[in-house]
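Notes follow once the structure below has been shown.
Order of appearance sets the numbers: ligands from 1, and atoms from 1 within every ligand. This is a predicted model, so every value here is computed, not measured.
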Amino acid sequence: MAIQHSSGLSLIFRLELENSNTTFGKLASIIGEAGGDIIAVDVISVAKDTVIRDITVTVLDREHGRNLSKALDSTPGIRVINVSDRTFLMHLGGKIEVTPKIRIKNRDELSRVYTPHVARVCEAIHEDPYKAFKLTIKRNTVAVVSDGTAVLGLGDIGPHAAMPVMEGKAMLFKQFGGVDAFPICLDTKDPDEIVRIVKAIAPAFGGINLEDISSPRCFEIEERLKEELDIPVFHDDQHGTAVVLLASLMNAAKLVGKRLEDLKVVVVGIGAAGVACTKMIMLAGCKNVIGVDRDGILTRTKTYERPIWQWYAENTNPENIQGTLDDAIKGADVFIGVSGPGVLTVDHLKKMAKDPIVFAMANPVPEIAPEVAEPYVRVMATGRSDYPNQINNVLVFPGVFKGALECRARTINEEMKLAAAKAIASVVSDDELHESYIIPSVFNKKVAESVAKAVKQAAYETGVARRGLHKKGDSSAEKNNF
Ligand SMILES: NC(=O)c1ccc[n+]([C@@H]2O[C@H](COP(=O)([O-])OP(=O)(O)OC[C@H]3O[C@@H](n4cnc5c(N)ncnc54)[C@H](O)[C@@H]3O)[C@@H](O)[C@H]2O)c1
Ligand SMILES: O=C(O)C[C@H](O)C(=O)O
Ligand SMILES: [Mg+2]
């Protein structure tokens, strides 16, 4: 399996070049000698003696970029005007905006979308709150709610710093699921306050996607909101991750010819994602799952303060193995990492069973670099967009919410999640299944569509869908628009 890494740090150097002193060849060789890779060249302006060019260069990291900038600036005939990071440029001013669906052209239209006629629509919803699903953005809008306490694997970086991820999630909801999503980052870590705020904003939304809220608070917050709200509440890091992980495991196990029931699976990082992934793969048939966190293997010979770890210890690790990852990994068929960078070493890989499956899903830096793991594993996957086999919840949340909103589901239950996992797995046909293709790309249009369809069907089958179920004479009948 050859692992291709598709992107490094991409910098744009705006340079003033003296015509008499600097040829493009000279410039290219300075950049090449410094280890940079030119990927684009633009002319910005031309004067009598100078030309201003933007040179886009891939570098290894920021330090490498700084050194290259120094090398260019110290060359006679070249002046570095500025250096920008393409990723930062894509974030200037934020990544999303609100766009009205109708352009108001005259006073008559103004009086309909706004006062006075809007009042009739308000009254209709007041009479029958279910009409909010038809006459407001509630129909197709999700709140992406975070408190910034477990942002990717960066930890508690706070609500302002969480915004770029939440804006990114909103973009993905729209592009892949056609769902409008709005980022809401809360300046509180208090579960009671988070529950109260989310309940208070819920009238505007058809669903709540909780994101990057650290464990164990995330479990209580989600449970309470699910109980108290009649719209789907879905903690993405738990359930989105668990669904895509199960889809990947089903396909990887098929590829290596092993059954889920027979796998020895080691999960590292027993937080939001680790707990949910464990529950999901056990629901699908896995029997031998061992959890490892910072203090080692979770075992039923110990007692834990966190109720979820106590549950975990009592329901996993059937052979009651003790110790650290070094002990757990012996003979394991599968490693699932949802912890942090550098947790897994080549020594660990060498102790695994034949045809090891390694899912190093910590973001942005996985538990082991695919390039390092490659010679020792049969199937390798990460959560990142720039390696093959991206196991990331982006394959799940757009389609799951699309399906749930389309049928106005009250909740997202286990059956809907299982259906979503099977739908994702089935996008990869038996002929296509390969070490570098166990999971489809998010750009594969079939993904969100198949997930939405499967989720909708499961919602109707389990009685949680509301759309189209209203009886004759019911004031909230679907056909009434007023
Ligand atoms: N690929 C995906 O789709 C995806 C989805 C969700 C989370 N993640 C990644 O998984 C990681 C965890 O996310 P979460 O939301 O579950 O966070 P979390 O804070 O709820 O849980 C993280 C857990 O990992 C443990 N941990 C951290 N470093 C460890 C180490 N070196 N050894 C053992 N345990 C360690 C922590 O103690 C904690 O229990 C993050 O890196 C996140 O980016 C990836
Ligand atoms: O945001 C991602 O890329 C996946 C996941 O939600 C994470 O927290 O890492
Ligand atoms: Mg997340």
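- Below 3.5 Å of separation, one finds an N or O of A272 facing an N or O of ligand 1.
- Taking every non-hydrogen atom of V268 and a distance limit under 4.0 Å, the qualifying atoms of ligand 1 come out as 33 (C).
- Here E406 pairs with K402 in a salt bridge; the nearest charged N to carboxylate O distance falls below 4.0 Å.
- For atom 15 (O) of ligand 1, the nearest non-hydrogen atom of the protein is D237 CB, 3.7 Å.
- Of all protein heavy atoms, the one lying nearest to atom 3 (O) of ligand 2 is N392 ND2, 3.0 Å.
- Between the side chains of T299 and N320, a donor-acceptor pair is found at a separation under 3.5 Å.
- If you look at the Mg ion (ligand 3), the protein N, O or S atoms less than 2.8 Å from it are E211 OE2, D212 OD1, D237 OD1.
- Atoms of ligand 2 found under 4.0 Å from any heavy atom of N363 (numbered from 1 in listed order, with element): 2 (C), 3 (O), 4 (C), 7 (C), 9 (O).
- Among V338, V394, N363, the residue whose heavy atom lies nearest to atom 41 (O) of ligand 1 is N363.
- Per-residue contacts place L152 under 4.0 angstrom from the following atoms of ligand 2 (heavy atoms of the residue considered): 1 (O), 2 (C), 7 (C), 8 (O), 9 (O).
- Here the heavy atom of the protein found nearest to atom 6 (C) of ligand 1 is T241 OG1, 3.1 Å.
- Residue G383 has no N or O atom closer than 3.5 Å to an N or O atom of ligand 1.
- Between F401 and F234, the ring-plane angle classifies as perpendicular under the 30° and 60° cut-offs.
- When only non-hydrogen protein atoms are considered, atom 34 (N) of ligand 1 lies nearest to R294 N, 3.5 Å.
- Salt bridge absent: R62 and D85 never bring a charged side-chain N and a carboxylate O closer than 4.0 Å.
- Counting only heavy atoms of the protein, atom 1 (O) of ligand 2 lies nearest to K169 NZ, 3.0 Å.
- Ionic pairing of R217 and D147 is present here: one or more N-O contacts between side-chain nitrogen and carboxylate oxygen are shorter than 4.0 angstrom.
- In terms of protein heavy-atom proximity, atom 5 (C) of ligand 2 is nearest to N393 ND2, 3.4 Å.
- Set against the non-hydrogen atoms of E211, the atoms of ligand 2 under 4.0 Å away are 6 (O).
- Considering backbone and side-chain N/O atoms, V343 never comes within less than 3.5 Å of an N/O atom of ligand 1.
- Nearest protein heavy-atom neighbour of atom 21 (O) of ligand 1: G271 CA, 3.3 Å.
- Of the protein's heavy atoms, D293 OD2, 3.3 Å lies nearest to atom 25 (C) of ligand 1.
- Remark: E414 engages K417 in a salt bridge, criterion side-chain N to carboxylate O under 4.0 Å.
- Ligand 2 places these atoms under 4.0 Å from at least one heavy atom of D237: 5 (C), 6 (O), 7 (C), 8 (O).
- Nearest to atom 9 (C) of ligand 1 among the protein's heavy atoms is M361 O, 3.6 Å.
- Using a 4.0 Å cut-off between a side-chain N of Lys or Arg and a carboxylate O of Asp or Glu, R466 and D230 qualify as a salt bridge.
- The single protein non-hydrogen atom nearest to atom 1 (N) of ligand 1 is I391 O, 2.9 Å, given as residue, atom name and distance.
- In terms of N/O distances under 3.5 Å, ligand 1 is approached by N393.
- Contacts between V151 and ligand 2, counted as non-hydrogen atom pairs separated by less than 4.0 Å, are absent for every part of the residue.
- Other residues, nucleotides and ligands contribute at most 12 non-hydrogen atoms within 6.0 Å of the CD atom of Q457.
- At a heavy-atom cutoff of 4.0 Å, ligand 2 is contacted by no atom of T241, backbone or side chain.
- Among residues at least two apart or in separate chains, side-chain hydrogen bond (donor to acceptor under 3.5 Å, both in side chains) pairs with a member in residues 270-287 are T278-Y312.
- Residue contacts with ligand 1: S215 is placed with a nitrogen or oxygen under 3.5 Å of a nitrogen or oxygen of the ligand (distance criterion only).
- For atom 19 (O) of ligand 1, the nearest protein heavy atom (residue, atom name, distance) is A150 CB, 3.9 Å.
- Ring pair F397/F173 is tilted by interplanar angle, where 30° to 60° counts as tilted.
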